[in-house]
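Worksheet for the structure shown next.
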Amino acid sequence: MSDEQNPIVEEAKEHKPKLQTPPGFHDILPKDHEYFTFVKKVVRHRARQAGYRRITTPILEFTEVFDRGIGDATDIVEKEMYTFMDKGGRSMTMKPEGTAGICRAYIEHGMKELPQPVEFYYIEPHFRYDKPQKGRFRMFWQFGFEIIGESDPALDVQCIFIAYKIFKDLGVEKNFTLQINNIGSQKSRAKYVEALINFYTGKERSLCENCQKRLHKNPLRLLDCKKEDCRILAELAPKFIQYRSKEDSEFHQSVKEFLEELGIAYIENDKLVRGLDYYSQTVFEFWDAETGAQNAVGGGGRYDGLMEIMGGEPTPAVGFAVGIERLIDNMKKNNVEVPSKDDVQIFVAQLGDLAKKKCLRLIDELRDRGVRTIGALGKNSFKAQLRLADKFKVPYALILGITEVRDGTIIIRDMSKGQQRYVKMDEVVDEVVRLIGQDNLDMYSPGEIVVA
Ligand code: AMP
């Protein structure tokens, strides 16, 4: 039955709107992948140099992982999670961030037995039922780093530093400001939280609706509300510095000294608290130098209390995540171009069954030598093939017809000059390699495998 007669196809044509991605979701098309691939390459390279190992946790977890690990008074858990019941009646959630799942994995696999700290990185999609707008999606990619098992402030700075190195490799380090704050240990923060509640009590009517709700659940969040009236009150609110313990102050001082040692500029921001409940001591964000907090490209901090909340032993940890779409957007806005290795170098055109057969081997040989090669194997008209070669903007085409097969030759056509010449079939691969140039060959080697 043809599509024309198929009632399902007919019905779809008549009644269904065009299929498209849901709001906040998007395709990553090949052109965008040039940036994604480059960013991932830089992240992997910097991670490997520093001894981080890659981890991937499932996209779906039991909802409790995030309820516990993120905190139920956060925007994420309150309104942004993709949560549903599976067929077994269990509440499941698509991961909105990376850290909670990684802590779950650390505990589940007994990783406290490994030499500490355990250092992870990830490059993953995340899902939040956020209001879609510029730079804010419902599915977005993050790379992130976590150092688990040690509490030295030097590790907080190691995290910041690797983010900085990655930004530098991507040519955007000057486009972001590093905002840092110290929100103390859980203990000193409890006193501060009490002082904040006292300060805001009686002023509820000046707060936005959201902050009124947050006041008794997560009062720290009132400090980074973007609404005008809330911001004015936040300016007048008690400052954490008055409640910082001696240890907190020393910790913060060390962080600043280490940053200075590495030549990383920072801005102290006493209103930075981050959205997630589990942070303690250092919190930091990278803000767009022009537009500020609305467009943070990444952030993180120390989460010494989280492992215990997740059911493990007390284990200090620090980490951060960076939004890849926002990072790429910043690169594009600042005219950073990435090298593309996707351009095809050779187009092989053929005519006749015998020529097609010969081409299969030739294409394979060229590819093995690192020449990016395609063949128009599905097209029979010679003209159509050459038109295609033009569209691919290849510098050279190889043309093999019945006569050439018989003579053991092949034609090399210089596409920009429109000139062509014959070479011997058994010399053509060397000749193409010479024309493309050793430096332009695609000779990435994944390393040798051993079959034991
Ligand atoms: P967070 O996990 O909220 O600290 O986010 C870390 C980074 O991920 C942010 O600075 C953004 O770059 C990115 N990010 C977070 N939420 C979204 C979103 N809804 N859409 C796009 N990027 C996001």
Side-chain angles (χ1 to χ4, degrees), residues 21-28 32 35-36 39-40 43 57 65-66 69-71 73-82 93-103 120-146 156 159-160 162-164 166-167 170 172 175-181 183 218 220-221 224 226 269 272-279 282-303 306 317-333:
T21 52
F25 287 71
H26 52 254
D27 299 311
I28 304 175
D32 306 316
Y35 280 87
F36 267 82
V39 170
K40 287 181 198 170
V43 170
T57 59
V65 170
F66 304 114
I70 302 176
T74 56
D75 283 354
I76 296 183
V77 172
E78 268 182 356
K79 41 187 190 202
E80 293 172 5
M81 295 208 303
Y82 275 90
T93 293
M94 293 171 77
K95 74 172 155 187
E97 58 87 57
T99 307
I102 289 176
C103 288
F120 291 124
Y121 78 103
Y122 59 88
I123 307 173
E124 298 286 315
H126 294 95
F127 303 84
R128 292 185 197 171
Y129 197 80
D130 222 334
K131 198 164 152 217
Q133 51 194 286
K134 192 176 166 3
R136 192 166 288 283
F137 312 111
R138 290 182 172 170
M139 172 177 166
F140 56 96
W141 284 75
Q142 288 181 329
F143 68 80
F145 287 70
E146 316 281 359
D156 304 32
C159 268
I160 294 172
I162 204 158
Y164 173 81
I166 291 168
F167 293 157
L170 297 173
V172 293
N175 306 342
F176 303 119
T177 60
L178 167 63
Q179 311 274 322
I180 60 165
N181 191 20
I183 56 170
N218 192 353
L220 282 176
R221 292 299 311 281
D224 68 0
K226 311 288 181 295
N269 180 342
L272 185 73
V273 293
R274 308 261 308 137
L276 311 179
D277 261 358
Y278 53 57
Y279 286 111
T282 310
V283 289
F284 58 92
E285 278 184 1
F286 292 97
W287 287 7
D288 187 301
E290 279 173 22
T291 53
Q294 290 289 358
N295 284 314
V297 74
R302 179 158 279 288
Y303 52 95
L306 180 58
V318 58
F320 73 92
V322 168
I324 299 183
E325 284 88 350
R326 285 195 200 172
L327 186 58
I328 290 175
D329 192 53
N330 191 282
M331 291 167 76
K332 287 183 177 166
K333 204 173 78 191

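Just follow the structure's listing: the first ligand is 1, and inside any ligand the first atom is 1.
In this structure the side chain of Phe140 reaches within 4.5 angstrom of the side chain of Arg128, judged on heavy atoms. Looking at Asp32 and His26, their side chains never come closer than 4.5 Å, going by heavy atoms from C-beta outward. Contact annotation: the side chain of Tyr164 never approaches that of Leu178 to less than 4.5 Å [non-hydrogen atoms, C-beta and beyond]. Side-chain contact between Leu327 and Phe176: present, with at least one pair of heavy atoms (C-beta onward) separated by less than 4.5 Å.
Annotation: side chain to side chain contact (heavy atoms under 4.5 Å, CB included) contacts of Tyr121 (sequence neighbours excluded): Val43, Arg44, Ala47, Tyr52, Arg54, Ile123, Phe145. Scanning for side chain to side chain contact (heavy atoms under 4.5 Å, CB included) contacts around Phe25 gives Thr21, Pro22, Tyr82, Phe127, Arg138, Met139, with sequence neighbours left out.
Atoms of ligand 1 found under 4.0 Å from any heavy atom of Ala321, numbered from 1 in the order shown, are 6 (C). Ligand 1 places these atoms under 4.0 Å from at least one heavy atom of Ala296: 9 (C), 10 (O), 11 (C), 12 (O). Those atoms of ligand 1 with a heavy atom of Gly298 less than 4.0 angstrom away are 10 (O). Ligand 1 places these atoms under 4.0 Å from at least one heavy atom of Phe137: 18 (C), 19 (N), 20 (N), 21 (C). For ligand 1, the atoms sitting less than 4.0 Å from at least one non-hydrogen atom of Asp130 are 19 (N), numbered in the order shown with element in parentheses. Interface of Gly135 with ligand 1, defined as ligand atoms under 4.0 Å from a residue heavy atom, comprises 20 (N), 21 (C), 22 (N). Set against the non-hydrogen atoms of Phe140, the atoms of ligand 1 under 4.0 Å away are 14 (N), 15 (C), 16 (N), 17 (C), 18 (C), 19 (N), 20 (N), 21 (C), 22 (N), 23 (C). Heavy-atom contacts of Val297 reach the following atoms of ligand 1: 7 (C), 9 (C), 10 (O), 11 (C), 12 (O) (cutoff under 4.0 Å).
Assignment of Arg136 to the shell around ligand 1 is supported, since a heavy atom sits closer than 4.0 Å.
Atom CG of Asp288 is separated from atom CZ of Arg326 by 10.0 Å, given to the nearest 0.5 angstrom.
Residue Arg128 has at least one N or O atom closer than 3.5 Å to an N or O atom of ligand 1.
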